[in-house]
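In what follows, a single structure is set out as structure tokens and then discussed.
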Amino acid sequence: SLLQEIEVYLRMASKRKAKDETKTPDVKSIESEEDEAIGKDLDLDKSGSDDSDDSDSSVYSDLEEEDEDDSEDESEDEEESDDGDASSDSGDEEENVDKVVKAKIKAKKPKEGKTKEDEYNYDSSDEEDIRNTIGNIPVNWYDEYDHIGYDLDGSKIRKPKRGDELENFLSRMENPEHGVTVEDPATGQKVVLSEADAEIVSRAAGNKVPDPGYDLYGKWSEWFSSDVMETPLRDTQESKKSFLPSHCEKQKVGKMVHAIKMGWMKPRPATQTKTEDAASKYYMLWQTDDQVESTMRRVHDPIPAPKMYLPGNEESYNPPPEYLFTDNEKMSWERATREGDKRKLPFIPQKYSSLRKVPAWSTFIRERFERCLDLYLAPRQRKMRLTITPEDLVPQLPRPQDLQPFPTVCSITMKGHNNMVRSLDVEPKGQYLASGSDDGSMKVWEMSTGRCLKTWDMGGVVKSVAWCPNSALSLLAVAVETVVYLINTGLGDKLVNTRTDELLSEEPDNSGYVPPARVSQAVKWSGPEESNPPGTLVTVTHFKPVKQVTWHAKGDYFASVLPEGANRSVLIHQLSKWRSQVPFSKAKGQVQCVLFHPIRPSLFVATQRHVRIYDLVKQELTKKLMSGAKWISSIAIHPNGDNILTGTFDKKVQWYDLDLSSMPYQVLRYHTNAVRAVQYHKRYPLFASCGDDNNITVSHGMVYNDLLQNPLIVPVKRLYGHTKYEDFGVMTIMWHPTQPWLISAGADGHIKLWT
């Protein structure tokens, strides 16, 4: 910016010099002769030829190079030369140039005896160069051309030849005026500054006032005098409106008077002028501002602003050597700065030989801003700090002894399977227990004694078993590979067993029903065959392996899960009509398990990351639960239907309140390995979870009818008894339908009854 100011000033100086030449009336004739005499030196392209002079100096620089002390002799020579030129027609051209230049110098510098010319005789408002008429445009637009502008006649002004670095070096070494020689950007010529101009440039470079004679602290001339004038500055006549009462103000005043009469508005009470106390007032002479009176301290209790930290030896411009950073310390400081770690100092100490070599502080603005924030955000009032112990933050939970009954001991261990037991289910009345194992067998046990009553060889891994909840039927659904067998166990009431055989022995009449192609390709219903296990009444063959079978609460519908079935992963079957349907047309992820709502017509579908709730009547998605887990393993529904439990393979058990949010109400992290199964009790406020850490956690989960009261979740017991087998622990659990008993099955092939 300083160089730009100098360049502008130099340009103005050259223009001022050119206009000084136009002051005297004799200059016009001299200029015409000068233009003819030294046209080559000005590089005026009047002839249109490409001839140019090698001179790098301008006429203005030639004028400055003349000796100022010989002005008297030059004027005499000029008069003699003028007389000689009038008498003789022949002369040397170079002498004419010298005469013209001397005449200009004489016109430029008048003698001391002459009167000073009036500075208002010429108009100085036009700041354009009289030689170059390109106007106020950037000169760099002419960088690609061989001329630098146009003169008054419209002819091109050729650029002077530029010297190389050697000529510049010689000029710097030999030319005493090299330091005060500048380039005129308008003409490209070299201009030698006068002593006054050089002094102005040096003062401007030193951040001083350019004019040495300017008085910064002179007397201020007031724009309006402080004396009261007898006549006003404006003598305009008053408008007629100023003499007429305002109608708007009359309406406003009328409304206010009416409001005061009606009592809507109360006028302000008149301020009573209090007579000042004649007694003189005394003040504490030596009391400082930070000492507050005791009465004010009781009311406000202010806090003084925080003080800044005083600088230490590290902030010194010449600190001791032990405060300077080594290379390792500097690298660690830079690494901490990049990574955002805590640093010992916010800057690197520097050492300078003197105070004047210290540069500007780079973070000065930031420090001032942070200081302003400290003052702005500083507390202004003292507040009593609350003393809170960590025990007070823990919710007050009831004691487990007050929440009985819940299972505490292992009463019966049922041994008979040779491999891990994957699935359990209890008969609706609680008398029998069915179990399916990887050894290809399914067993039915008596609950009260732990005795194995029947065993079926299913010919494959039994993935899921489920009793039909309809008490009028004695039916057990068993999923083996791609087939779901509906088996009459033959246990219990003989009348129920006989009725079950009669109902399912014949195929229902589906003469007018044609299943869709998607259903017919996925499911096939058939009656019993000789190769089927004994007691089989119906077989439902699927196109992919079945992982889970679950019944509707009324016992007519059951659903099967095929994880590899893509958009046909979930199939819903109707037992009374031997019909199936595919409820979903698009795959929303790999389905893990499904459950029917115990009361409402809803279907819960658990994929790897989400639980979706569908309305079976409206056939639409009603809610989507966001688990935030990587893989959901199991799901359970509270008997009331408003709360859901999910177990995940990343060691978490999540409790959802459907009336509250789609996010987990509470996340329980008391398992150290994958959670395999979660279950609610149908009658008692109990739920349990098991996992691969051989841990069965029994918890008290009370759900209140009051919607304003959140569920109470209290872990009450941890049960151990199973052993690990190939990193598998407890595979599944099941509650007794009427008693607070828990049945668990593990990878060791044992089934335990906890009471």
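Numbers here simply count residues along the sequence, with the first being 1. Just so it is clear, the model here is predicted, and its values are computed rather than measured.
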Going through the distances and angles, do Trp141 and Ile134 end up as a side chain to side chain contact (heavy atoms under 4.5 Å, CB included)? CA-CA 11 Å; Trp141 289 2; Ile134 60 174; over 6 Å; no
Yes or no on side chain to side chain contact (heavy atoms under 4.5 Å, CB included) for Ile148 and Asn132, after CA distance, side-chain angles and deciding distance? CA-CA 8 Å; Ile148 200 169; Asn132 197 348; 4.0 Å; yes
Determine whether Ile388 and Leu393 satisfy the following criterion, side chain to side chain contact (heavy atoms under 4.5 Å, CB included), listing intermediate values before the conclusion. CA-CA 8 Å; Ile388 301 175; Leu393 299 177; 3.9 Å; yes
Would you please test Lys190 and Val182 for side chain to side chain contact (heavy atoms under 4.5 Å, CB included) and show each step? CA-CA 6 Å; Lys190 300 288 185 179; Val182 296; over 6 Å; no
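A salt bridge is absent between Glu367 and Arg371: the closest approach of a Lys/Arg side-chain nitrogen to an acidic carboxylate oxygen does not fall below 4.0 angstrom. In summary, Arg158 and Asp146 engage in a salt bridge, as defined by a charged side-chain N under 4.0 Å from a carboxylate O.
In this structure the side chain of Phe347 never reaches within 4.5 angstrom of the side chain of Ser362, judged on heavy atoms. Under the 4.5 Å side-chain criterion, counting only non-hydrogen atoms from C-beta, Val257 is not in contact with Ile260. The shortest side-chain heavy-atom distance between Trp333 and Lys344 does not fall under the 4.5 Å cut-off. Between Leu193 and Val201 there is a side-chain heavy-atom pair separated by less than 4.5 Å. Counting heavy atoms from C-beta outward, Thr181 and Val191 have side chains that stay 4.5 Å or more apart. No side-chain heavy atom of Glu199 sits under 4.5 Å from any side-chain heavy atom of Glu195.
Listed by first and then second residue, the side chain to side chain donor-acceptor pair (under 3.5 Å) pairs involving residues 310-324 are Asn313-Tyr323, Asn318-Lys351 (not counting sequence neighbours).
For the residue pair Ser353/Lys357, the side-chain donor-acceptor check at 3.5 Å is satisfied. Side-chain atoms of Ser171 and Asn168 form no donor-acceptor pair, as typed in the model, at a separation below 3.5 Å.
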